Novice: 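Pasting in a structure now, in structure tokens, and then I'll have a few things to ask.
Heavy-atom basis, side chains included; hydrogens, waters and symmetry copies ignored. Atoms within each ligand, like the ligands themselves, are counted from 1 in listed order. Numbers for residues simply follow the sequence, beginning at 1. Small disclaimer: the values here were computed from a predicted structure and weren't measured.
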Amino acid sequence: MAVSIKSKAEIELMREAGRILAITHHELEKQVKPGMSTLDVDRIGEEIIRSYGCIPSFLNYNGYPASICVSINEEVVHGIPNKNRIIQEDDIVSLDAGVIYKGFHSDAARTLIMPEVSDEVKKLVEVTKQSFFEGIKHAVAGNHIADISKGVQKYAESFGYSVVRDLVGHGVGSKLHEEPEVPNFTGLRRGIKLRPGMTIAVEPMINLGDYDVYWEDDDWTVVTEDGLPSAHYENTILITDGEPEILSQAPGIPL
Ligand code: MF3
Ligand code: CO
């Protein structure tokens, strides 16, 4: 199936979904503290999303049992909230969330730094975020998906980090996951040509050590093989005639 081009009206709905998602992340960033359980984080996030009349995209998606993916340290993505998993002072906490507003999704992730995280791991989180921005510099009409991938990869690897291979970004719209795939690494294919009206989730997952990951027995939680930390940063963006527009943001809230 071809990659969908969103109409003006659809883009407007995705802007609103993205605004609410950015507010949700901002609130979580303020509220998430060591001592809380990852289930507490999920409860708070779900409540904010519903308070705006939105539906959490992830809840029951392929059987995923929560609204917010909470992934700590060596957990890369898709950690399942649990009342017995307590956030520690030296944890990095990746929060991935999606909202549905009037049938349209927005998808975004942030990695939070608890008070006693080492400088080495803080740097990983900062570089992961910046790698998103390095990638989307190339997210312009006429370029290909791989131009974004290359921007992310080059930047992250220049710090000696590695880019996760087993998971990729994706198109997003009336479904959480649409075509095309948006890898954070380059391979044989340059991918589709970008056109105005395409909406994609760009989501670097960057490891301090090697890129190998495995799935835990819960079939969701993705973990680094070497046990070293991993960070995640994601936004939903719109391809335009000029620079890409970040849809998962809100006025007055820093990215
Ligand atoms: N946010 C994830 C992604 O970017 C999706 C989470 S899958 C879910 O693709 F099942 F946890 F919802
Ligand atoms: Co995503």
Side-chain angles (χ1 to χ4, degrees), residues 3-4 6 14 17-18 20-22 24-25 28 38-39 41-43 45-46 48-50 54-72 75-82 85 93-101 104-112 128-129 131-133 135-136 139 145 148-149 152 163-185 191 198-207 213 215-223 230-239 244 246-249 255:
V3 174
S4 68
K6 273 71 180 181
M14 290 186 68
I20 293 162
L21 181 55
T24 302
H25 270 300
L28 287 170
T38 57
L39 187 64
V41 177
D42 181 64
R43 294 272 158 79
E46 178 170 359
I48 299 166
I49 292 168
R50 293 202 189 279
C54 291
I55 298 166
S57 304
F58 299 174
L59 188 60
N60 302 320
Y61 181 84
N62 290 339
Y64 185 77
S67 300
I68 315 285
C69 298
V70 187
S71 311
I72 296 179
E75 295 168 354
V76 180
V77 287
H78 303 169
I80 298 177
N82 182 316
R85 183 71 192 270
V93 184
S94 299
L95 303 182
D96 193 349
V99 309
I100 312 172
Y101 175 76
F104 281 82
H105 294 254
S106 193
D107 184 5
R110 306 283 182 259
T111 297
L112 310 186
T128 300
K129 177 176 179 180
S131 73
F132 163 85
F133 289 97
I136 69 160
I145 291 288
I148 302 174
S149 316
V152 171
V163 174
V164 173
R165 301 293 197 271
D166 294 22
L167 297 139
V168 295
H170 49 91
V172 52
S174 60
K175 289 184 293 179
L176 175 60
H177 292 143
E178 300 184 348
E179 288 181 53
E181 289 195 346
V182 185
N184 300 299
F185 52 92
M198 288 180 177
T199 47
I200 57 177
V202 178
E203 50 177 318
M205 289 152 270
I206 308 295
N207 294 355
V213 299
W215 269 252
E216 283 192 336
D217 291 339
D218 61 17
D219 279 336
W220 279 106
T221 315
V222 180
V223 185
S230 181
H232 187 201
Y233 185 84
E234 173 182 26
N235 282 303
T236 298
I237 69 166
L238 168 71
I239 307 301
I246 297 176
L247 296 174
S248 46
Q249 66 176 332
L255 282 163

Novice: Show me which atoms of ligand 1 lie under 4.0 Å from any heavy atom of Glu203.
Specialist: 3 (C), 4 (O), 9 (O)
Novice: Report, rounded to 10°, the angle at the Co ion (ligand 2) between the two atoms OD2 (Asp107) and NE2 (His170).
Specialist: 90°
Novice: May I have the angle between Glu203 OE2 and Glu234 OE2 with its vertex at the Co ion (ligand 2), rounded to 10°?
Specialist: 90°
Novice: Kindly give the heavy-atom pair with the smallest separation between His78 and Ser71, and that separation in Å.
Specialist: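 Distance-wise, the nearest heavy atoms are N-OG, 3.3 Å.
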Novice: Could you see which bit of Asp107 sits under 4.0 Å from ligand 1, with heavy atoms only: side chain, backbone, both or neither?
Specialist: side chain
Novice: Among side-chain atoms of Asp107 and Thr236, is any donor-acceptor pair under 3.5 angstrom?
Specialist: no
Novice: Heavy-atom distances under 4.0 Å are what count here, so tell me which part of Tyr61 touches ligand 1: side chain, backbone, both or neither.
Specialist: both
Novice: Over all heavy atoms of both residues, which pair between Ile145 and Pro183 is shortest? Give the atoms and the distance, please.
Specialist: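 Closest heavy-atom pair between Ile145 and Pro183: CG2-CD, 3.8 Å.
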Novice: Please could you name the atoms of ligand 1 that Asp96 approaches to less than 4.0 Å, counting only its heavy atoms?
Specialist: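 In order of numbering, the contacting atoms are 1 (N), 2 (C), 4 (O).
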Novice: Provide the number and element of each atom of ligand 1 under 4.0 Å from a heavy atom of His78.
Specialist: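 Counting atoms of ligand 1 from 1, those under 4.0 Å from His78 are 2 (C), 5 (C), 6 (C), 7 (S).
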Novice: Identify the heavy atoms of Pro56 and Ile49 that sit nearest to each other, and give their distance.
Specialist: N-CG2, 3.8 Å
Novice: Which value, rounded to the nearest 0.5 Å, describes the distance between Ser94 atom OG and Ile68 atom CD1?
Specialist: 13.0 Å
Novice: Below 4.0 angstrom from a heavy atom of Cys69, which ligand 1 atoms are there? Numbered from 1 as shown, please.
Specialist: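 Every atom of ligand 1 under 4.0 Å from some heavy atom of Cys69: 11 (F).
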Novice: Examine Asp96 and say whether one of its N/O/S atoms is closer to the Co ion (ligand 2) than 2.8 Å.
Specialist: no
Novice: Check the orientation of Phe133 and Tyr233. Use parallel for under 30°, tilted for 30 to 60°, and perpendicular for over 60°.
Specialist: tilted
Novice: Consider only side-chain N and O atoms of Asn235 and Ser248, and report whether a donor and an acceptor are under 3.5 Å apart.
Specialist: yes
Novice: Give me the atom names and distance for the closest heavy-atom approach of Val70 to Pro81.
Specialist: CG2-CG, 4.1 Å
Novice: Using a strict cut-off of 4.0 Å, indicate which atoms of ligand 1 neighbour a heavy atom of Glu234.
Specialist: 4 (O)
Novice: Could you tell me, atom by atom, which parts of ligand 1 come under 4.0 Å of a heavy atom of His177?
Specialist: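 Counting atoms of ligand 1 from 1, those under 4.0 Å from His177 are 3 (C), 5 (C), 9 (O).
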